[in-house]
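Quick note: numbers below take in every heavy atom, side chains included, and nothing from hydrogens, waters or symmetry partners.
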Amino acid sequence: LMSPDFKFTNEWGCEICGKQARESKYNVVYWTHLPQPRVVFYIHNLCEAGMNYCHKVIKDQERVINAMHMMPSPPDPSWPNTDHRTPESPYPAASSCAKSNDEKTAKKGFKMSRCSTCKLTRYCCGDFLCNPGCQKADWSRHKKV
């Protein structure tokens with residue numbers, strides 16, 4: 001699963017190649033058969049979504065982890081990529097505002113706030129980029145997450 005809603009406080013790098021992280025991929029491992037069921041989320045910072053080299057490495061790791069826990073690996077998505085991102089139009093930085101996606105908001109020291117409900121998604125704080133504010137403007141989309 002890929003999510004634009006996991007945003008980070010710092011300028012994180014892709015855990016494979018070190019470029020600026022632009023997407024989060026997360027894997028879920030669960031043990032519902034235990035007396036006290038457990039769920040573990042593995043969150044990976046990646047330079048881009050799609051089947052590039054970095055994403056392939058993470059998918060291979062996911063297959064190994066799932067095999068170790070006797071879980072089936074989820075199939076690769078079969079739907080077409082309709083996002084049409086290009087090097088000239090990359091995914092927004094993983095530390096940018098979830099609404100405006102402005103690259104300036106991803107820089108260290110830029111004043112940001114977190115969603116008051118989930119505490120994961122970041123928004124710029126009503127400055128020149130946002131009036132009345134990105135969190136309020138994004139709520140109809142983000143509340144589903």
Side-chain angles (χ1 to χ4, degrees), residues 1-87 89-126 129-130 133-145:
L1 300 171
M2 300 296 282
S3 174
D5 288 285
F6 286 123
K7 294 291 187 171
F8 310 112
T9 305
N10 296 311
E11 296 178 60
W12 288 74
C14 173
E15 66 183 76
I16 305 303
C17 71
K19 293 179 187 173
Q20 184 178 32
R22 297 196 170 270
E23 286 294 321
S24 301
K25 182 186 184 316
Y26 52 100
N27 304 344
V28 181
V29 178
Y30 50 89
W31 298 274
T32 55
H33 63 283
L34 296 176
Q36 290 183 324
R38 290 185 170 62
V39 176
V40 176
F41 284 85
Y42 294 93
I43 301 175
H44 305 281
N45 303 319
L46 296 174
C47 55
E48 63 180 276
M51 292 311 294
N52 66 353
Y53 173 75
C54 299
H55 194 169
K56 182 185 178 317
V57 170
I58 295 301
K59 289 294 289 180
D60 290 346
Q61 289 177 2
E62 178 182 32
R63 285 184 187 93
V64 170
I65 289 170
N66 287 344
M68 287 171 40
H69 298 289
M70 294 183 280
M71 292 177 51
S73 289
D76 287 333
S78 58
W79 60 86
N81 178 7
T82 58
D83 200 18
H84 305 295
R85 296 290 177 156
T86 65
S89 173
Y91 283 86
S95 56
S96 67
C97 172
K99 176 65 177 169
S100 71
N101 293 316
D102 192 299
E103 291 289 316
K104 290 181 274 196
T105 64
K107 300 297 180 198
K108 188 173 183 171
F110 195 91
K111 186 177 179 185
M112 300 283 276
S113 64
R114 295 181 191 273
C115 169
S116 57
T117 303
C118 77
K119 310 286 191 246
L120 289 173
T121 304
R122 292 169 29 104
Y123 296 99
C124 46
C125 299
L129 292 172
C130 308
C134 283
Q135 183 174 358
K136 186 174 181 181
D138 194 40
W139 182 243
S140 63
R141 182 204 63 84
H142 177 64
K143 70 181 172 183
K144 296 170 191 156
V145 175

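A heavy-atom distance below 4.5 Å is found between the side chains of Ile58 and Glu15. Contact of the Thr105 side chain with the Cys134 side chain is not registered, since no non-hydrogen atoms from C-beta on lie closer than 4.5 Å. At a threshold of 4.5 Å between non-hydrogen side-chain atoms, the residues Lys99 and Arg141 do not count as touching.
Atom SG of Cys47 sits about 9.5 Å away from atom CZ of Arg22, to the nearest 0.5 Å. Remark: Lys25 NZ to Gln61 CD distance equals 10.0 Å, nearest 0.5 Å. Distance check, rounded to the nearest 0.5 Å: CD1 of Ile16 to CG of Asn45 gives 10.0 Å. Note that OG of Ser95 and NZ of Lys107 are 8.0 Å apart. Values are rounded to the nearest 0.5 Å. Atoms CZ and CE, from Phe110 and Met112 in turn, are 7.0 Å apart once rounded to the nearest 0.5 Å. With rounding to the nearest 0.5 Å, the separation of NZ in Lys143 from SG in Cys115 is 12.0 Å.
Shown here for Cys118 and His142, the closest heavy-atom pair between the two residues is SG-NE2, 3.4 Å. Contact between Asn52 and His55 at its shortest, heavy atoms only, is OD1-N, 2.9 Å. Closest non-hydrogen pair, Glu103 versus Pro92, comes out as OE2-CA, 4.1 Å. Closest of all the heavy-atom pairs between Leu46 and Cys54 is CD2-O, 4.0 Å. Listed here is the closest heavy atom pair of Arg114 and Gln135: O-OE1, 3.8 Å. Between Lys104 and Asp102, the closest heavy-atom pair is N-OD1, 2.7 Å.
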